[in-house]
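Below, read A as the first sequence line, B as the second, and so on, with proteins coming before strands; counting in each chain starts at 1.
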Protein chains: 2
Amino acid sequence: MQKVDGRKARGEKKRRAIVEATLRVIERDGVAGVTHRSVAREAGVPTTAPTYYFATLDDLLIATLLWSAEELCDEMLKIVASGGSAREIAQSLAKAVNENRGRTLAEYELYLLAGRRPELKPAARRWLDLAVEVVRPADPVAFRAFLAAVDGLLMQGLIADVAPNEDELEPIVSFLIRGCDDFTPAPREE
Amino acid sequence: MQKVDGRKARGEKKRRAIVEATLRVIERDGVAGVTHRSVAREAGVPTTAPTYYFATLDDLLIATLLWSAEELCDEMLKIVASGGSAREIAQSLAKAVNENRGRTLAEYELYLLAGRRPELKPAARRWLDLAVEVVRPADPVAFRAFLAAVDGLLMQGLIADVAPNEDELEPIVSFLIRGCDDFTPAPREE
DNA sequence: CAACTACCTGAACAAGTGTTCCACAAGTTT
DNA sequence: AAACTTGTGGAACACTTGTTCAGGTAGTTG
């Protein structure tokens, strides 16, 4: 008979809390602001807790990227599921560069981190692969162009004097998804 | 009668050497690897030289971003001047994510830096503004979509397992610039 | 309730950081 | 050549960093 060890359960919870705190630190101060101590302070745990749960600072960043990537995938799936019209997509993009600006910045910093750590690449581009998989676009070239533009619009939105809003983004999104059947997947052959 | 002060000339030269060394450090180790000491070592100057020329480490990064942005603009203008066909653009992109991978990574790290330092934003998006200005696109929406996709293709190229080559990129670029008259500027009304 | 185990943490350390300071060298002007 | 300005660099300081480690604590088991 197996009983869940309360100690381990608590540990797992704290571990998650540390990862979440790390993401908040990145949102606020960037990857550069991540230190064992800053994370510990943010999470409200002792200084050595992050070291205890993650062998190295790198491991902590990696865990944070993996978790963030997972969340991003969930959000993307929601958009696709809801129909994926130009309006909805533009709305999501506008939110990412306005209300969720810090979060979006964090995501791209982790993105670039993957550029220097080959083992992180799969996680970083997970949402891309997943998008292709669930949408099964009729025109792969058009779809790849669309996905690239999404990244570009977000990045450029981050360095604009005033971030673009939904109405400004919509025509661009519309232009990009013409020929993509509004995300309607190609019929799968059985 | 004014004579150029040999001291100042030498100083200016060293200053530039330090900025160039900084960019090399970023290419190799990322922004995180930039310290007064690492830059000094790379540039072959004493430890305190970077501090002497740049009040703070931030100032050094800022100067590096400005310089890098300038170079990027020059390169973009060259592409436009040479005609800006899909083939040429795809060629440039392929080069950026292969031979010049480190440099491209560095550029995007500095890009994101601008996301957190409002005063750097104009420099970071300089190439975008310049592109719109010199191309004077007939269809602004299509052109903005194209510019966004360029950023996205580069970023996604950086986190691909194997970076895309010219031939893979060309169809996507072609798709994007259809309706842009191959970069031919709209006739300017006089 | 004692023995045990696994988790947890405060203090401490060595290494590296940004920056200051002052003596001095090189170049220019009088 | 003396006076002056500008550039230069080694030593040092106060501080923060990642990480270690030995002891302590909470949860589980017999």
Determine, for A:R116 against B:D29, whether the closest basic-nitrogen to carboxylate-oxygen distance falls under 4.0 angstrom. no
Roughly how many Å is it from CD1 in B:I18 to P in D:dG7, rounded to a whole number? 12 Å
Does A:K14 place a side-chain N or O at less than 4.0 Å from the phosphate oxygens OP1/OP2 of C:dT9? yes
A:D29 atom CG is separated from D:dT16 atom C1', nearest whole Å, by 15 Å
Tightest non-hydrogen contact, residues A:D151 and B:Q156, listed as OD2-NE2, 2.8 Å
By a strict heavy-atom criterion of less than 4.0 Å, which residues belonging to residues 35-42 of chain A are in contact with DNA chain C? A:R37
Nucleic acid contacts of residues 43-52 of chain A, taken as heavy-atom distances under 4.0 Å to DNA chain C: A:P46, A:T48, A:Y52
Nearest whole Å is fine: how far is C:dA6 P from A:Y53 OH? 15 Å
Between D:dG7 atom P and B:F54 atom CZ, what is the distance in whole Å? 13 Å
Could you tell me whether B:R87 and B:E166 make a salt bridge, using a distance below 4.0 angstrom between a side-chain N and a carboxylate O? yes
Taking everything shown except B:K121 itself, do over 12 heavy atoms lie less than 6.0 Å from its NZ? yes
What is the distance from CG of A:L57 to P of C:dT17, rounded to the nearest Å? 15 Å
Less than 4.0 angstrom from a charged side-chain N to a carboxylate O is my criterion; do B:R178 and B:D139 meet it? no
Expressed as a whole number of angstroms, how long is the span from B:R10:CZ to D:dT6:C1'? 10 Å
Identify whether the distance between the nearest side-chain nitrogen and carboxylate oxygen of A:D74 and A:K78 falls below 4.0 Å. no
Presence of salt bridge, B:E133 and B:R126, under 4.0 angstrom: no
Of A:E109, A:E71, A:E75, which meets salt bridge (charged side-chain N to carboxylate O under 4.0 Å, His left out) against A:R103? A:E71
